[in-house]
Amino acid sequence: MKLHPMIAALRRHKAGVVLIALQIALTLAIVCNAVFIIGERVARVNRPTGLDENNLFLVTQQWVGAPSGDDPASVDKLDNMQQTDLAALRAMPDVASVAPVNSVPLLNSSWNGSLALKPASQLGAGNGRTTYYFTDEQGLATLGLKLVAGRSFTAADVEHRGFRDQKEPSIVMLTKALADKLFPDGSALGKVVYLDGGSTPSTIIGLVDRLQVPGTGSWTNSFVWNSTLVPTRINANFSRYAVRAKPGRLQAAMQAVPNVLYGVNRLRVMDDDSVKSFADIRTQAYRADVGMAILMGVVCLILLGVTAAGIVGLTSFWVGQRHRQIGVRRALGARKIDILHYFQMENLLISGVGAVIGLGLAIGLNMLLMQHFEMDRLPVLYVLAGIVAVMALGQGAVFVPARRASNVPPVVATRSA
């Protein structure tokens with residue numbers, strides 16, 4: 001099938017050709033980037049935290065009239081209040097274990113810092129950015145973390161300090177990702193690190209397989225698994241407790257917690273969000289990502305639908321205008337399949353031009369998004385898949401009107417002149 005007659009025919013319909021080509025180009029540019037955004041959001045939502053999320057919930061509460069200073073007497077009093085809460089929660093019949101925590105993954109409340117291999121080091125080369133999780137000897141069991149090397153904390157390891165106290169711990173546990181970054185040769189266990197540019201060494205006594213940082217934004221991508229566990233209870237006028245319920249007793253344990261804590265000390269504040277399952281924390285953390293993915297998916301479907309409808313409408317219009325031309329070709333011996341292939345090739349030519357324009361638009365749009373929204377570079381595979389998709393869409397959309405054209409009887413077509 002020669003292209004010259006086809007190009008000559010398209011020149012007589014320049015407006016329609018340009019309209020369809022630009023529509024395909026715009027669809028390709030937007031859909032490629034939208035699908036890439038959807039893929040990133042889905043990957044983020046499905047990213048494992050490293051926790052055993054089943055039967056896990058978080059309790060957040062604040063005492064009324066509790067000491068607010070960092071003097072030893074106030075800190076000791078706050079620690080006694082916290083330990084009383086822990087004892088009461090651990091005694092609940094539906095609870096398997098409880099640990100004090102400053103945060104959990106996906107909570108978007110974090111205590112960030114850095115680790116260095118040398119003392120008095122500042123943020124920069126040789127440091128590993130990290131998030132600190134302060135907990136006690138039940139932290140690993142309660143959170144469901146997997147110990148891959150070394151040992152866990154014991155009760156003798158756990159200290160307590162005020163919220164603003166900058167005391168550095170003598171021992172820490174790291175995630176394997178952070179340990180591998182600091183010690184690429186795999187010799188992290190037993191080595192020392194220095195926290196936040198300090199001069200006091202902290203010995204690495206254990207490694208956990210994975211523990212995600214609390215933040216969920218794209219700014220955490222560079223250190224999402226770089227977590228440090230510190231054997232310390234933080235004493236402040238509020239506290240958080242990670243609680244692992246016994247299998248099948250999650251709801252019963254969550255409902256009983258407020259009464260248990262009020263029974264210990266009524267001078268505290270707890271609202272409807274004070275007791276929250278980890279499933280709810282995950283849902284809330286990724287609500288925006290899920291919403292964005294759905295919105296982008298709807299936009300893609302609308303654009304593809306509009307483009308397909310435009311191709312069908314314009315091709316149907318051309319078929320109506322070319323009845324005489326189709327009849328002449330049929331009379332000269334053209335088969336139905338030849339007419340069908342003609343319109344398919346014609347659409348393929350238009351789609352190809354639109355795809356080339358759309359390729360440039362997709363790359364330009366991605367560069368704009370990278371500059372203003374911290375997106376990653378659009379992989380070539382997405383663009384190639386997008387080109388194949390719009391070409392296939394064009395072929396699918398043109399099939400019905402092209403098949404209708406191929407069924408026009410020669411004698412009817414010639415009489416309709």
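Within the 3.5 Å criterion, the main-chain N or O of L261 finds no donor-acceptor partner in the side chain of D85. E168 contributes no side-chain N or O that, together with a main-chain N or O of Q166, makes up a donor-acceptor pair within less than 3.5 Å. Between the side chain of D196 and the backbone N or O of G198 there is no donor-acceptor pair closer than 3.5 Å. Looking at S110, its side chain never comes within 3.5 Å of a backbone N or O of T131 through a donor-acceptor pair. Of the possible donor and acceptor atoms, none in the side chain of S227 sits under 3.5 Å from a partner among the backbone N and O of T175. Of the possible donor and acceptor atoms, none in the side chain of E137 sits under 3.5 Å from a partner among the backbone N and O of A156. Side chain of N80 to main chain of D76: a donor-acceptor pair is present (N/O by atom type, distance under 3.5 Å, no hydrogens or angles). For the pair T130 (side chain) and N226 (backbone), a donor-acceptor distance under 3.5 Å is present. Of the possible polar contacts, one joining the R90 side chain to the V98 backbone as a donor-acceptor pair under 3.5 Å is found. Under the 3.5 Å distance criterion, the side-chain polar atoms of Y132 are matched with a main-chain donor or acceptor of S114.
With values rounded to the nearest 0.5 angstrom, E53 atom CD is found 9.5 Å from I281 atom CD1. Summarising the geometry, atom CG belonging to D94 is positioned 11.0 Å from atom CD belonging to Q251; distances are rounded to the nearest 0.5 Å. Here the straight-line distance linking atom CE of M173 with atom OG of S152 works out to 5.0 Å at 0.5 Å rounding. From L361, atom CG reaches atom CG of L26 across 7.0 Å, with rounding to the nearest 0.5 Å. Note: L22 CG to I350 CD1 = 11.5 Å, rounded to the nearest 0.5 Å. In this structure, OG on S97 lies 11.0 Å from CG on L86, to the nearest 0.5 angstrom.
Annotation for M292: atom CE does not count as buried by contact number, only 12 or fewer foreign heavy atoms lying within 6.0 Å. For CG of D185, the number of neighbouring non-hydrogen atoms (other residues, nucleotides, ligands) closer than 6.0 Å is greater than 12. Heavy atoms of other residues, nucleotides or ligands lying less than 6.0 angstrom from NZ of K191 number more than 12. Other residues, nucleotides and ligands place more than 12 heavy atoms under 6.0 Å from the OH atom of Y262.
Side-chain contact between V75 and R161 is absent, with no heavy-atom pair separated by less than 4.5 Å. In this structure the side chain of L182 never reaches within 4.5 angstrom of the side chain of I204, judged on heavy atoms. Looking at I387 and L28, their side chains come closer than 4.5 Å, going by heavy atoms from C-beta outward. Taking the side chain as every heavy atom from C-beta outward, F183 and L189 never approach each other to under 4.5 Å. Here the side chains of V104 and T49 are not in contact, with every heavy-atom distance at 4.5 Å or above. Put simply, the side chain of P214 does not reach to within 4.5 Å of the side chain of S109, judged on heavy atoms. You'll find the side chain of L106 reaches within 4.5 Å of the side chain of Q212, heavy atoms only. Residues D273 and T60 are not in side-chain contact: their nearest non-hydrogen atoms beyond the backbone lie 4.5 Å or more apart.
The two residues A362 and A29 have their closest heavy-atom pair at N-CB, 3.5 Å. Across every non-hydrogen atom of P379 and F36, the tightest pair is CD-CE1, 3.5 Å. Scanning both residues, L143 and A242, for their nearest heavy atoms gives CD2-CB, 3.9 Å. Closest approach of G386 to C32, counting heavy atoms only: CA-SG, 3.8 Å. Listed here is the closest heavy atom pair of A245 and F57: CB-CE2, 4.3 Å.
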Set out, in order, the CA-CA distance, both residues' side-chain angles and the distance that settles side-chain contact (heavy atoms from CB on, under 4.5 Å) for R244 and V95, then state yes or no.
CA-CA 6 Å; R244 178 161 298 281; V95 168; over 6 Å; no
Where do L78 and F163 land on the side-chain contact (heavy atoms from CB on, under 4.5 Å) test, with the steps shown first?
CA-CA 10 Å; L78 287 168; F163 187 75; over 6 Å; no
Under the side-chain contact (heavy atoms from CB on, under 4.5 Å) criterion, do T142 and L56 qualify, and how do the steps go?
CA-CA 8 Å; T142 301; L56 181 65; 4.3 Å; yes
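Identified under the salt bridge (Lys or Arg N to Asp or Glu O under 4.0 Å) test for residues 359-369, with sequence neighbours left out: none. Within the structure, ring pair (Phe, Tyr, Trp, His ring centres under 6.0 Å) pairs that include any residue of residues 225-256 do not occur (at least two apart or interchain).
The side-chain contact (heavy atoms from CB on, under 4.5 Å) test applied to N265 returns W63, M81, L267, R268, not counting sequence neighbours. The side-chain contact (heavy atoms from CB on, under 4.5 Å) check on N102 picks up W111, Y133, F134, with sequence neighbours excluded. Annotation: salt bridge (Lys or Arg N to Asp or Glu O under 4.0 Å) contacts of K276 (sequence neighbours excluded): none. Legend: residues meeting salt bridge (Lys or Arg N to Asp or Glu O under 4.0 Å) with E159, ordered by chain and number and at least two apart, are K167.
Electrostatic pairing of D157 and R151 counts as a salt bridge here, judged by a charged N lying under 4.0 Å from a carboxylate O.
Donor-acceptor pairing under 3.5 Å is lacking for the side chains of Q284 and D280.
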